[in-house]
Amino acid sequence: MSEISNKDYSSGSVLNFGELLLRLTPDADGDWLQENSLPVFVGGAELNVATALSLWDVPSRYFTALPKNGMSTQLISFLDEKNIDTSSIFYHGKRVGLYFLTKGQDLKHDALIYDRANSAFAELTTGLVDWDKVLDGVTWFHFSAICPAISQQAADVCREALEAASRKGITISVDLNYRAKLWQYGKQPIDVMPELAQYCDLIMGNIWAAERMLGVKVDELVTESGQKSLYVKEAQKSSEEIIKQFPKCKAVANTFRFTTEDNTNIEYYTVLYADGKPHVSGEYFAETIIDKVGSGDCYMAGLIYGYYNNYEPQETVDFATAAAFTKLFVNSDATNRSVDFIQQAIIK
Ligand SMILES: Nc1ncnc2c1ncn2[C@@H]1O[C@H](COP(=O)(O)OP(=O)(O)OP(=O)(O)O)[C@@H](O)[C@H]1O
Ligand SMILES: O=C(O)C(=O)C[C@H](O)[C@H](O)CO
């Protein structure tokens, strides 16, 4: 068994580190202008993980930065109601970041507009946060590739937090979520992510993100093949290469989510490489879905849930995959599905 699955996590909480963003969701026909109606969802990749974990009774702490104002007070009450530990949130700056995403679209689409410059999170600098305090009582630290994509300053803060978590022997996970509209500060993911990946025990993403962010090549013929058996083999190859390049990493998870342009006919399966072998989930299909945003985050939460509860790798991948798939039918950035609901949705 790897070190990551051998630990007692239950004595502490999971610290989710990242920017809280509000999602504003115009409808595609522009009726929101006449109707004065622009639905708001509370999001941010790492908050979506924190929300799922709290719902599933894993003690979950959230680190972000918010301005000290009435809106933040309302946001904190909203998170408190979800049982997320907000005691480490850092207050300074002037604004909360936003993103606009046309209803039903995903984050790869042109309909994504970020409005997050000069947010409280973006204005964090190294030396500002007492990480020892933030990480007190924490057994797992989770972050994503979104933070270092914001600015050099954010990447430096991320590294500072990772160093502190490593010093404390905290298990670290990363989601290699690639957001093409970020990375606008003169650096590409490959210039930044390998250094941060060195701290990670669990790396999650997909084989194409690992190529872009960590330089782990994907065979072009495999990409073009569209075949599950070849994708699973490529996931094993990619995971083994990651573990070789980043020796602290003991487990790698890859998602495969395919859909048509109009978001119909979803096919979803995942592979968790752990204990020296691939663990493949069942294959999920749906003709239509409700909301793609945050399904990767829910998958990440499912992986952490499995490790936190010392599941076997196959149980972990089964739970995480069903969690992510069932999220596709929830109209919100984070899941609202219980552990029981997810367990019953598992396809072997
Ligand atoms: N270059 C690529 N070629 C083919 N398929 C890809 C490529 N990049 C990603 N995919 C597929 O698209 C899926 C979704 O990728 P995406 O990067 O949007 O994931 P994500 O950021 O984790 O999504 P989420 O919004 O749920 O967090 C992946 O699971 C993968 O199967
Ligand atoms: O793109 C970001 O920075 C977000 O955090 C927005 C969404 O919450 C996130 O991408 C969903 O995975």
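Note: hydrogens, waters and symmetry copies are ignored here, and every other heavy atom, side chains too, is used. All ligand and atom numbering here is 1-based and tracks the order in the structure.
Considering only non-hydrogen protein atoms, atom 19 (O) of ligand 1 sits nearest to Asn206 ND2, 4.2 Å. Among protein heavy atoms, the minimum distance from atom 26 (O) of ligand 1 is reached at Gly296 N, 2.6 Å. Protein heavy atom closest to atom 3 (O) of ligand 2, with residue, atom name and distance, is Arg116 NH1, 2.8 Å. Looking from atom 13 (C) of ligand 1 to the surrounding protein, the closest heavy atom is Arg257 O, 3.4 Å. In terms of protein heavy-atom proximity, atom 4 (C) of ligand 2 is nearest to Leu21 CD1, 3.6 Å. Atom 14 (C) of ligand 1 has its closest protein heavy atom at Lys108 NZ, 3.5 Å.
Using bins of under 30°, 30° to 60° and over 60° for the plane-to-plane angle, the ring pair Trp56/Tyr305 lands in the perpendicular bin. In this structure, Phe256 and Tyr269 have parallel ring planes: the angle between them is below the 30° cut-off, well short of the 60° mark.
In this structure, His92 and Pro67 have side chains that are not in contact, with every pair of non-hydrogen atoms separated by 4.5 Å or more.
The closest heavy-atom contact to atom 6 (C) of ligand 1, among the options Phe258, Tyr178, Tyr231, Trp208, comes from Trp208. Distances from atom 1 (O) of ligand 2 to the heavy atoms of Phe121, Tyr99, Tyr114 put Tyr114 nearest. The closest non-hydrogen atom to atom 11 (C) of ligand 2, taken over Val49, Leu182, Asp297, comes from Asp297.
Of the N and O atoms on the side chains of Gln153 and Tyr185, not one donor lies less than 3.5 Å from an acceptor on the other residue. Using a 3.5 Å distance cut-off with no hydrogens or angles, the side chains of Asp340 and Ser338 do not pair a donor with an acceptor. One side chain, Trp131 or Glu160, offers a donor N or O that lies under 3.5 Å from an acceptor on the other. Side-chain atoms of Ser295 and Arg257 include a donor-acceptor pair closer than 3.5 Å. There is no side-chain donor-acceptor pair under 3.5 Å between Tyr62 and Thr86.
When only interatomic distances are considered, the shortest N/O to N/O separation between Thr223 and ligand 1 does not fall below 3.5 Å. Any N or O atom pair closer than 3.5 Å counts here, and Asp175 shares no such pair with ligand 1. On a distance-only criterion, Val293 and ligand 1 share no N/O pair closer than 3.5 Å. Below 3.5 Å of separation, one finds no N or O of Asn177 facing any N or O of ligand 2. Close N/O approach between Ala45 and ligand 2 is found [any backbone or side-chain N/O within under 3.5 Å].
Looking at Leu47 against ligand 2, nothing comes within 4.0 Å, counting heavy atoms. No part of Arg23 comes within 4.0 Å of ligand 2, judged by heavy-atom distances.
Those atoms of ligand 2 with a heavy atom of Arg179 less than 4.0 angstrom away are 1 (O), 9 (C), 10 (O), 11 (C), 12 (O). In the vicinity of Arg179, heavy-atom distances shorter than 4.0 Å reach the ligand 1 atoms 21 (O), 25 (O), 27 (O). Of all atoms in ligand 1, numbered sequentially from 1 with element shown, those under 4.0 Å from a heavy atom of Phe256 are 29 (O), 31 (O). Here is the list of ligand 1 atoms found below 4.0 Å of a heavy atom in Lys292: 26 (O). Ligand 1 places these atoms under 4.0 Å from at least one heavy atom of Thr255: 28 (C), 29 (O), 30 (C), 31 (O).
Ligand 1 lies out of reach of Lys327, whose nearest heavy atom is not under 4.0 Å from it. Contact analysis puts Gly44 in contact with ligand 2, with a non-hydrogen atom separation below 4.0 angstrom.
Between the side chain of Thr64 and the backbone N or O of Gly18 there is at least one donor-acceptor pair closer than 3.5 Å.
A distance of 6.0 Å or more separates the ring centres of Tyr307 and Tyr9.
Ile170 contributes atom CD1, which lies 4.5 Å from atom CG of Leu135 (distance to the nearest 0.5 angstrom).
Residue Gln34 places its CD atom among more than 12 non-hydrogen atoms of other residues, nucleotides or ligands, all under 6.0 Å distant.
Using a cut-off of 4.0 Å between Lys/Arg side-chain N and Asp/Glu carboxylate O, Asp115 and Arg95 are scored as salt-bridged.
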